[in-house]
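Being a predicted model, the structure only gives us computed values, none of them experimental. Side chains included, hydrogens not; waters and symmetry mates left out as well; all remaining heavy atoms used. Within every chain, numbering begins at 1; the chains are lettered A, B, ... in the order of the sequence lines, protein sequences first and strands thereafter.
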6 protein chains.
Amino acid sequence: MKRTAIYPGSFDPITLGHLDIIQRASEIFDHVVVAIFENPQKKGKHMFSVEERIDMIEGSLRELGIDNATAATSQGLLVRYMEEQSIKVIIKGLRAVSDFEFEFSMAMVNKKLNDNIETLFMMTDTNYSYLSSSVVRELAGYREYHSDLITHYVHRRLVERFGADP
Amino acid sequence: MKRTAIYPGSFDPITLGHLDIIQRASEIFDHVVVAIFENPQKKGKHMFSVEERIDMIEGSLRELGIDNATAATSQGLLVRYMEEQSIKVIIKGLRAVSDFEFEFSMAMVNKKLNDNIETLFMMTDTNYSYLSSSVVRELAGYREYHSDLITHYVHRRLVERFGADP
Amino acid sequence: MKRTAIYPGSFDPITLGHLDIIQRASEIFDHVVVAIFENPQKKGKHMFSVEERIDMIEGSLRELGIDNATAATSQGLLVRYMEEQSIKVIIKGLRAVSDFEFEFSMAMVNKKLNDNIETLFMMTDTNYSYLSSSVVRELAGYREYHSDLITHYVHRRLVERFGADP
Amino acid sequence: MKRTAIYPGSFDPITLGHLDIIQRASEIFDHVVVAIFENPQKKGKHMFSVEERIDMIEGSLRELGIDNATAATSQGLLVRYMEEQSIKVIIKGLRAVSDFEFEFSMAMVNKKLNDNIETLFMMTDTNYSYLSSSVVRELAGYREYHSDLITHYVHRRLVERFGADP
Amino acid sequence: MKRTAIYPGSFDPITLGHLDIIQRASEIFDHVVVAIFENPQKKGKHMFSVEERIDMIEGSLRELGIDNATAATSQGLLVRYMEEQSIKVIIKGLRAVSDFEFEFSMAMVNKKLNDNIETLFMMTDTNYSYLSSSVVRELAGYREYHSDLITHYVHRRLVERFGADP
Amino acid sequence: MKRTAIYPGSFDPITLGHLDIIQRASEIFDHVVVAIFENPQKKGKHMFSVEERIDMIEGSLRELGIDNATAATSQGLLVRYMEEQSIKVIIKGLRAVSDFEFEFSMAMVNKKLNDNIETLFMMTDTNYSYLSSSVVRELAGYREYHSDLITHYVHRRLVERFGADP
């Protein structure tokens with residue numbers, strides 16, 4: 001039986017912290033779905049469109065040679081998508097205590113909606129413990145890019161959007 | 001002497017987690033005032049109007065048979081309202097560490113404004129530890145309603161607003 | 001109906017932080033029982049005997065003029081004592097996040113043992129947020145006493161045990 | 001390829017909280033090893049011997065019909081045992097923030113010792129969030145047993161040790 | 001060699017909590033730069049303009065007689081400003097666990113951008129542990145001003161903006 | 001004026017995490033005193049004697065070429081030692097939330113004992129966030145030594161005590 005895990009997020013944009021979790025999950029599960037759930041009410045609140053974010057996920061997976069992970073998107077609820085796709089495991093990365101509480105609440109809500117769904121938490125590598133998409137966006141606003149934070153593929157997309165390093 | 005406690009919040013909408021706290025507080029105090037403080041600067045930031053929220057509080061209290069609690073609203077500061085009404089005790093529910101820090105700051109500010117006012121914290125029942133008004137609103141956006149989260153009365157109001165379960 | 005709350009602890013020795021909670025609780029409840037529960041398996045692990053600790057509680061309550069609080073002790077479980085005495089409310093002070101988690105677990109265990117028992121948490125005054133019995137004991141070991149930490153009554157008992165300030 | 005996860009702990013004694021984690025892990029992995037690592041320097045610090053604890057694990061797994069989990073013990077380091085047994089995944093339950101920090105440190109140390117080893121965290125069911133072996137031991141000291149905390153098998157072992165409910 | 005530390009923030013407006021940190025830092029360092037970094041993308045999101053906030057910092061430093069601290073502003077990144085000014089130390093105040101995690105991430109990002117930069121954290125005085133600029137703004141919205149929260153200089157600026165105490 | 005900071009701890013034994021803090025503090029202050037305060041009541045509770053721990057501190061400082069830091073020991077209270085030596089600044093490393101709360105309490109107690117004393121917190125490098133003396137001792141009990149955790153000097157002392165790697 002093929003074991004699939006889903007790794008949901010907004011990935012605006014995907015960082016090396018996300019990719020570290022994906023890479024490690026891809027060694028435990030047969031397939032990892034990197035999924036963007038687009039809440040219709042939050043449309044337009046992200047820096048990159050869903051299509052751009054999916055493209056950066058796919059470009060980054062190719063760049064790092066992670067071949068059992070794919071990108072996906074849905075406008076529905078995570079648990080309903082998982083039911084349709086027969087996926088039973090959610091993977092989440094935990095960096096800090098504030099993550100922990102928010103993610104626990106989400107995991108409990110998801111379990112309430114479907115008791116067969118299980119959330120597994122992986123700890124973020126200490127090299128990425130400070131890293132988030134918002135840090136990447138904030139620095140990009142100053143045209144600061146850092147090869148420890150993002151793939152070359154994402155770097156090029158950010159330069160297209162914000163301009164090159166001075 | 002009649003002992004009254006006030007339970008302030010935005011209740012947008014009231015959940016079974018809130019009602020569990022109200023019900024337990026109503027067994028310790030003679031009267032519980034469930035109060036919405038409408039910050040004039042945040043007008044229009046809520047999903048439901050003050051009137052709709054008061055109505056859902058009152059409908060839910062009736063539905064659960066909690067008869068020594070009433071709804072109230074004010075545009076002033078919590079402590080000034082309490083002074084006018086001669087109420088000395090604030091009740092707050094605590095779910096998690098992040099609640100704890102925010103509520104502690106609020107309690108300290110209130111004590112600064114009036115040293116006779118005391119805040120008592122009750123722990124949220126573990127069945128509701130993940131539950132918040134924003135979870136209810138988020139799920140309602142997908143027409144997902146769950147009888148473990150809200151009263152029938154609130155359920156009907158949500159269906160009126162968002163449409164019935166598919 | 002007389003409303004009684006119980007404030008359990010080991011009080012080894014009682015500090016001004018404990019007494020601040022007792023004083024504030026004594027304004028909300030008709031009577032406060034300051035109670036030491038002596039776990040038989042931990043006998044001999046405290047600096048002061050149960051009798052000495054009860055004496056310091058009583059001496060401190062007198063010194064501060066808190067006349068609706070009394071000291072008590074039991075070798076049984078807290079909830080069983082409360083059932084015998086028809087007490088329904090436990091008061092606990094919270095200083096910090098670590099307190100919060102421990103006290104929440106205790107409150108949940110107590111609720112499991114008797115669902116009618118309610119724990120109310122009060123926040124420790126910021127002047128005492130660092131203060132604990134173990135800080136008092138540690139400093140006393142160096143003959144450092146501080147009138148911001150303990151009553152005169154407890155000060156005298158500590159001097160008898162450890163010797164006077166140099 | 002058979003996928004095995006290890007669930008390490010001291011299990012003094014095993015609780016329904018532990019068994020909930022084991023049961024849920026047993027649905028994601030082909031096999032779960034419930035393992036006691038006996039630090040030679042802490043010998044004699046537990047209430048039950050390693051043999052008794054293994055027996056209570058095995059009796060509880062049988063009672064709950066979890067048939068792809070087994071008990072094991074070792075005096076070596078967790079990661080060295082996993083290398084010998086070709087196990088790559090550690091499962092841990094998280095209840096609270098304090099768990100989180102301790103378990104994160106342990107996971108980082110284990111990753112340092114062997115970079116191929118991955119720790120997956122599952123959140124404890126809210127029904128068991130207050131529950132720990134020490135709570136069970138503490139209550140048993142008062143001959144208080146509760147069917148929500150332990151299996152019948154463990155109940156019988158506790159009664160043999162501490163005596164029957166009054 | 002003159003030792004300079006920078007104390008960055010939005011200071012909207014500066015509070016006595018900020019000034020307590022500045023005063024204590026001014027006793028350890030030869031000079032303290034109180035700096036507002038204006039993220040171009042967040043322009044217009046503050047209650048007071050950069051000029052008004054700088055004025056309130058300078059007025060408050062004069063009022064409290066702190067003469068080795070000055071106000072500054074920049075539209076660039078903090079670490080780039082520090083490189084230009086040859087400043088190596090950032091001072092931050094910590095009030096609570098939530099501060100701690102956010103500030104740690106920021107400190108790690110800054111260290112990533114320039115490994116020679118060091119962030120030193122000071123604990124907020126317990127008298128100010130609840131205090132933040134947003135508490136001051138919230139209360140000012142109700143024309144509530146409190147001499148324990150702000151300098152007279154800031155008080156006058158708030159009254160000009162919001163009107164006098166009733 | 002020479003600026004001295006004190007870095008107190010039990011250093012049983014000193015780790016690369018401690019030495020990272022010392023090294024960074026030694027670039028901000030003219031001199032760093034690495035100090036062991038031997039509580040007379042805890043005598044004999046450490047793995048290494050005060051003399052052995054001082055020796056490992058001195059050997060490690062030499063090995064890393066940190067020449068403006070020295071080791072010291074005292075049986076008195078930290079603040080009293082600082083008064084005698086005219087030291088005004090305590091340096092502490094923070095790894096996690098649990099550190100944070102404990103260290104904050106200590107800092108508040110020290111400020112109570114002497115208001116002129118200031119505690120500055122530095123964040124532990126993420127490479128050492130999991131590292132503590134107890135991790136080193138635990139691993140050494142299994143003859144596991146790791147050059148990322150300790151200096152060569154400490155490694156040799158541990159091998160003398162516990163025996164060589166198998």
Inset, instruction - Evaluate the criterion side-chain contact (heavy atoms from CB on, under 4.5 Å) for residue pair L113(F) and L139(C); output intermediate values, then yes/no. - result: CA-CA 10 Å; L113(F) 293 170; L139(C) 292 180; 3.8 Å; yes
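Listed here is the closest heavy atom pair of Q75(F) and Y142(C): O-CE2, 3.3 Å. When all heavy atoms are compared, the tightest approach of S129(C) to S105(F) is O-OG, 4.4 Å.
The number of heavy atoms from other shown groups lying within 6.0 Å of NZ (K112(C)) is above 12.
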